[in-house]
Amino acid sequence: MLACQPVIAETLFGHHPLTAQARDAFVNDLIKKMTLDEKIGQLRLISVGPDNPKQAIREMIKKGQVGAIFNTVTRPDIREMQDQVMQLSRLKIPLFFAYDVIHGQRTVFPITLGLASSWDLDAVSTVGRISAYEAADDGLNMTWAPMVDITRDPRWGRVSEGFGEDTYLTSQMGRAMVLAMQGRSPAERYNVMTSVKHFAAYGAVEGGRDYNSVDMSLQRLFQDYLPGYKAALDAGSGGVMVALNSLNGVPATADSWLLKDVLRSSWGFKGITISDHGAIKELMQHGVASDPRDAVRIAITSGVNMSMSDEYYSNYLPGLVKSGAVSEMEIDDAVRHVLNVKYEMGLFNDPDSHLGPKGSDPINTNAESRLHRPQARDVARKSLVLLKNRLETLPLKKSGTIAVIGPLADSKRDIMGSWSAAGVAGQSITVLQGIRNAVGDKAVVRFQKGANVTDNNGIQAFLNLYEHAVSVDPRPAEKMIDDALAIAEKSDVIVAVVGESQGMAHEASSRSDITLPPSQRRLLDALKTTGKPLVMVLMNGRPLALVKEDEQADAILETWFSGTEGGNAIADVLFGDYNPSGKLPMSFPRSVGQIPIYYNHLQTGRPYDFQHPNKYTSHYYDAANGPLYPFGYGLSYTRFTLSEVRLSSKNLARNGSINASVTVTNSGKRDGATVIQLYLHDQTASVSRPVKELKGFKRIFLKAGESQTVTFPIAINALKFWNAHMQYVAEPGKFDVMIGLDSARTKNSVFTLL
Ligand code: BGC
């Protein structure tokens, strides 16, 4: 599928073996030849745009004042700049080219939160491989991905970009993504280097308000928030993007403890650190730098190698070095990291390594032939989560009359999600189109929009700030509802496609209310009055509060933003051509007031027991405890049953391993896949431990009537935690083993760590 085409290398400096020794010798030698200005130039990462028009960039390239470019995404444009380096600059140090390839490049896959819902590492690898292939085929060398920020707050719009609330799931998926994108080496023609982000703990911004501060204990940081980054780095990620937030009072961009002590000294990271967009400037707003010069001094000495999208390093580093406030060694160190990654990208062997020979550029960048539709459809199907299915409302029959209603039913832009890279909205399949494709002429399909995504003018303007993303239907809201009712009443079933516009789940898109917008709630209320079976297809980039919708709907399918082939994938599930298997990577709260709500919370002294309610226990008196849909939850068209848990031994030696097994049976009538989840709980320890923590999962496929034994090995590493003295330990004692189809309903057993 992803066969590498041979590349005729036009060798620039000669052939350089991709070993650390050869790299170090080459880079040391190159640094000796560089002037201070050329060194500082390498630390600058900019994009072409109104602030930096092409002509200005050409001059910078000529003078060696730029190290890398982002946001340029076609081979001719990239080639032009790389050629300028070769023709005009003194040392001919190639640029690298980067972009936010988050869930696809030309082919758009489900948003990362959707991908996480597949609990399928092969699906992650497929997305990683194809995204890297398409990105490299566009001439790119690096992606700003994966985002592994753990978050327990769905108000934060960027939950859409990550793998959800769990450390283990995120770590596994982030690792798989890095391995898939970088392959054996980012130097190979169709691989790209990854840049894991946002280091660190960006997902824990207070109140879910983007760019807000983060304050947390070191135990929680190391136990829950850092392992995702570490897993991506252990998998070899060559880059780290530094977070915009402060952590315990120190902005990450100014945090030498984080960037030097933890990242480099403790974890041994050898790649490059890159500031987030304009973050160096923002040190003044954070109130830790008095002026631009101070901001630059702090950032470079804290370990930020490359500055994204500001001119501060170029403007202030020369003076800082001259005055002795920053040593040239400090600059050399940062430059070394930049040159190292360029070496590892193979750019010193062939600056055009990801461009291919001149004349080979695609005639049409957006050609259909460049897309990977079958893979996109397959991954999208795996990302869909069936939340409710009363009396087997789903799957639908491909007959009769189907009313497809909702502001998102035919939106090509929304189904692609935010950060949809170089994807073209015109190429995506909407839910309406997918349903029409599936039924052909076997059923009548009628469509009405029914409501605008929101009737709030302010929010409409917000969504259309930088692109015309949302078309507002001029009909009065009542008229839109009436038109929808007219087709609903004459149909056998209603498929209501509701949720968020992609811009509502994005960077800088925090919400204080996570219910459906009122325009859509009114539409659903009206549709409910028809008494027709109501299937809700949700499109959204965060857990929503859906208590009322859960009561109204007969079936609910969570589809996130499912990408280029989303509509076809959704239709596959709606009509039973694919049996849904997705599981939630985040808890769905009942209301915003329950946030933060996450399955692996700590034990408390007064746990609430709903069977024996007691006033003086930990709960809200005005709401049910617990989420509406728990972490790991998702239904199927078939039924899976689990045996009791079998342990190979009741005792685990510290250097040993035991097996926990269950037999899973598909006791329903359809073939299908599901995800078996292993959770552990430390009953008594020197600190309070989470009520349960995911420590393993396995996606299995069973034919109707078939059984399979699933076995999880358990060893001491799964039992370790950071104690009150910040030691990473496993303490002897009893542990609960919980195995289930979600985090709430499990089969349990107990073993003892000796
Ligand atoms: C975001 C990053 C992104 C960068 C470049 C920033 O605003 O925080 O996640 O990679 O822009 O587009």
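Computed over heavy atoms, backbone and side chain alike; hydrogens, waters and symmetry mates excluded. All ligand and atom numbering here is 1-based and tracks the order in the structure.
The atoms of ligand 1 that sit less than 4.0 Å from any heavy atom of D276 are 1 (C), 2 (C), 4 (C), 6 (C), 7 (O), 8 (O), 11 (O). Taking every heavy atom of H198 and a limit of under 4.0 angstrom, the matching atoms of ligand 1 come to 2 (C), 8 (O), 9 (O). Close approach to M241 involves these atoms of ligand 1, each under 4.0 Å from a residue heavy atom: 2 (C), 10 (O).
Below 3.5 Å of separation, one finds no N or O of H277 facing any N or O of ligand 1. Residue W144 has no N or O atom closer than 3.5 Å to an N or O atom of ligand 1.
Between S118 and M173, some side-chain heavy-atom pair lies under the 4.5 Å cut-off. Residues I69 and I46 have side chains in contact (heavy-atom distance under 4.5 Å, counting atoms from C-beta outward).
For the pair S195 and M241, the tightest heavy-atom approach, listed with the atom from each and the gap, is OG-N, 3.7 Å. The two residues A235 and L179 come nearest to each other via the heavy atoms O-CD2, 3.6 Å. Nearest approach of I415 to K412, heavy atoms of both residues: CG2-O, 3.7 Å.
Of the possible polar contacts, none joining the Q105 side chain to the G423 backbone as a donor-acceptor pair under 3.5 Å is found.
In terms of protein heavy atoms, atom 12 (O) of ligand 1 is closest to D100 OD2, 2.5 Å.
Only the side chain of K197 comes within 4.0 Å of ligand 1, judged by heavy-atom distances.
Using 4.0 Å as the threshold, M147 has no heavy atom nearer than that to any atom of ligand 1. Taking a 4.0 Å cut-off on heavy atoms, E161 fails to register as neighbouring ligand 1.
Between F199 and the options F269, Y225, Y229, a ring-ring contact (aromatic ring centres under 6.0 Å, His included) holds for only Y229.
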